[in-house]
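So you know, we letter chains A, B, ... as the sequences are listed, proteins then strands, and number each from 1.
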Amino acid sequence: MLPSVAVPELPEVETVRRSLLPHLEGRRVVGLEARRVRLRQGIEPDEWRAFEGVVVRTIQRRGKYLAVTGDEVSAVLHLGMSGRLAVADPSRPHAAHTHLVVHLDSGRELRFVDPRRFGSAVVRPTRTLPLVPPFALLGAEPLDDAAGGVLRDAAGRTRVAIRNLQLDQTVLAGVGNIYANEALARAGIHPGRPANRLSRRRLDRLAWAVRETLEDAIAAGGTTLEDGGFANATGEAGNFAVDLAVYGRDDATCRRCGGVIRRVVLTGRSAYFCPHCQH
DNA sequence: AAGCCAACCTGGACGC
DNA sequence: TGCGTCCAGGTTGGCT
């Protein structure tokens with residue numbers, strides 16, 4: 001059984017970034033509706049007033065965060081577990097749990113919807129972005145060449161399960177439970193294996209598998225599970241769910257060996273793996 | 001001090 | 001049908 005949520009991880013956030021960019025680049029913010037709602041970091045209407053009049057220069061992604069960047073200030077957004085960003089015509093009715101609406105000089109609007117309220121939406125000075133949380137706390141970008149070395153160094157210093165180390169955003173930024181499990185499957189590594197008991201060679205292989213998995217998922221437009229939880233800025237679903245090797249496939253057949261995929265719980269989070277292919 | 005774990009929150013799945 | 005219970009997940013903060 002697939003879990004009923006499709007949580008945005010790096011490929012989904014990158015997909016949102018790319019689909020958002022043509023609608024936001026060069027556009028001016030001409031109005032805001034910021035509802036004071038308790039997200040993980042609450043939306044503060046006073047703080048959001050600084051975003052009025054901003055001309056969007058670009059959209060950056062760091063880990064699972066997006067920064068909609070103007071010359072002076074940027075909106076730093078995290079989709080949490082259920083967050084969505086959508087560009088829509090104002091005539092379309094607002095979905096439930098719409099916390100933020102940014103009116104653009106194109107006549108359209110950017111909407112931030114997050115039923116489970118694990119997301120965040122704050123405004124920060126653009127020049128300080130790399131220097132303050134959350135960006136300052138994030139580890140390597142898994143798509144960068146430096147990621148392999150960072151993973152190796154971190155693994156040598158801890159005996160936590162490798163799946164849990166992958167979820168540590170201060171090591172690799174942007175990997176969540178779906179892609180952590182998928183990368184381990186590609187690398188043939190058991191999710192519960194202590195990080196410091198993996199050889200350098202196998203860690204390099206894992207870093208490579210993480211990168212490949214994320215790049216494939218980005219190319220597919222992200223993962224949308226059966227409930228249709230994830231969509232890009234224009235409402236399109238992603239196509240990576242059909243390529244999942246282990247995630248959500250407990251008791252199903254391993255496509256490589258024909259064995260049975262298992263689920264175990266590691267520190268409160270499900271891990272999926274093929275006992276025959278992963279050690 | 002590393003590492004575990006509860007809390008946050010809601011909708012969907014499931015059992016009775 | 002309808003109500004209650006459980007579960008998913010990213011991140012933070014508190015505890016050991």
Side-chain angles (χ1 to χ4, degrees), chain A residues 1-14 16 35-43 61-66 76-85 94-100 112-122 124 132-139 141-142 153-183 191-197 210 214 217 222-231 238 240-241 244 246-251 263-272:
Chain A
M1 264 299 282
L2 285 171
S4 60
V5 264
V7 171
E9 304 182 26
L10 188 154
E12 289 73 35
V13 176
E14 179 63 21
V16 170
R35 301 191 175 84
R36 183 184 300 277
V37 60
R38 212 174 72 253
L39 302 180
R40 181 162 55 84
Q41 269 181 290
I43 291 177
R61 181 193 57 73
R62 187 75 172 86
K64 299 171 194 169
Y65 289 85
L66 289 177
V76 180
L77 308 170
H78 192 291
L79 300 178
M81 297 180 53
S82 59
R84 285 194 196 211
L85 290 169
H94 287 177
H97 310 290
T98 300
H99 305 314
L100 180 71
F112 180 72
V113 183
D114 184 10
R116 293 186 194 180
R117 309 208 315 223
F118 277 33
S120 60
V122 299
R124 295 283 178 263
V132 299
F135 284 13
L137 303 176
L138 296 175
E141 282 293 322
D153 291 346
R157 285 184 266 111
T158 179
R159 55 189 172 84
V160 298
I162 186 64
R163 198 288 311 262
N164 291 353
L165 186 69
Q166 284 178 286
L167 296 181
D168 185 341
Q169 302 298 298
T170 69
V171 179
L172 295 185
V175 178
N177 203 27
I178 294 179
Y179 297 108
N181 280 281
E182 289 300 304
R193 178 165 284 269
N196 61 4
R197 291 190 46 232
V210 168
L214 296 176
T223 298
T224 300
L225 299 180
E226 284 166 343
D227 70 334
F230 167 73
F240 196 69
L244 295 176
V246 291
Y247 184 81
R249 299 192 68 238
D250 43 322
D251 300 332
R263 182 182 82 96
V264 294
V265 176
L266 299 174
T267 60
R269 295 279 181 270
S270 289
Y272 305 89

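- Look at CG on A:Leu165: it is 12 Å from C1' on B:dG3, rounded to the nearest Å.
- Here A:Gly268 lies out of heavy-atom contact (under 4.0 Å) with every strand.
- A:Glu182 places a side-chain N or O within donor-acceptor distance of the main-chain N or O of A:Tyr247, the cut-off being under 3.5 Å.
- Each of A:Ala161 and A:Phe118 was assigned the nucleotide of DNA chain B with the nearest heavy atom; the assignment lying further toward the 5' end belongs to A:Ala161.
- For A:His97, the side-chain atoms get nearest to B:dT10 when compared with the rest of C:dA8, B:dT10, C:dG10.
- Using a cut-off of 4.0 Å between Lys/Arg side-chain N and Asp/Glu carboxylate O, A:Glu9 and A:Lys64 are scored as not salt-bridged.
- Rounded to an integer number of Å, the gap from CG of A:Asn181 to P of C:dA8 is 13 Å.
- Of the candidates B:dC4, C:dG10, B:dG3, the closest approach to any side-chain atom of A:Asn177 belongs to C:dG10.
- Here the side chain of A:Arg116 is nearest to one of B:dC4, B:dT10, C:dG10, namely B:dT10.
- Closest-nucleotide positions on DNA chain B for A:Asn164 and A:Arg269 were compared, and the one nearer the 5' end corresponds to A:Asn164.
- Between A:Val7 and A:Ile178, every side-chain heavy-atom pair lies at or beyond the 4.5 Å cut-off.
- At whole-Å resolution of the value, CG in A:Asp168 and C1' in B:dG3 are 11 Å apart.
- Proximity note for A:Arg117 (side chain, C-beta onward) versus B:dT10, B:dC4, C:dG10: the nearest is B:dT10.
- As a whole-Å value, the separation of A:Leu167 CG from C:dA8 P is 14 Å.
- Taking atom CG of residue A:Leu266 and atom P of nucleotide C:dA8, one finds them 13 Å apart after rounding to whole Å.
- Protein atom CG of A:Leu137 is 14 Å distant from nucleotide atom C1' of C:dG13, rounded to whole Å.
- Taking 4.0 angstrom as the limit, A:Thr158 places a side-chain polar atom (N or O) nearer than this to OP1 or OP2 of B:dG3.
- The side chain of A:Val160 sits closest to B:dC4 out of C:dT11, B:dC4, C:dG10.
- In this structure, A:Gln169 reaches the C:dT11 phosphate: one of its side-chain N or O atoms is under 4.0 Å from OP1 or OP2.
- Between the side chain of A:Arg263 and the main chain of A:Asp251, no donor-acceptor pair closer than 3.5 Å is present.
- Computed from coordinates, the A:Tyr272 OH to C:dA8 P distance equals 7 Å when rounded to whole Å.
- As judged by a 4.0 angstrom heavy-atom cut-off over every strand, A:Ser120 is placed among residues making no nucleic acid contact.
- Residues A:Tyr179 and A:Glu12 are in side-chain contact: their nearest non-hydrogen atoms beyond the backbone lie under 4.5 Å apart.
- When the nucleotides C:dT11, B:dT10, C:dA8 are ranked by their closest atom to the side chain of A:Pro115, B:dT10 comes out on top.
- Using a distance-only test at 3.5 Å, with no hydrogens or angles considered, a donor-acceptor pair links the side chain of A:Gln169 to the main chain of A:Gly174.
- With C:dA8, C:dG10, B:dC5 as the choices, the nucleotide that has an atom nearest any side-chain atom of A:Lys64 turns out to be C:dG10.
- Distance CG (A:Asn196) to C1' (B:dG3): 13 Å, rounded to an integer number of Å.
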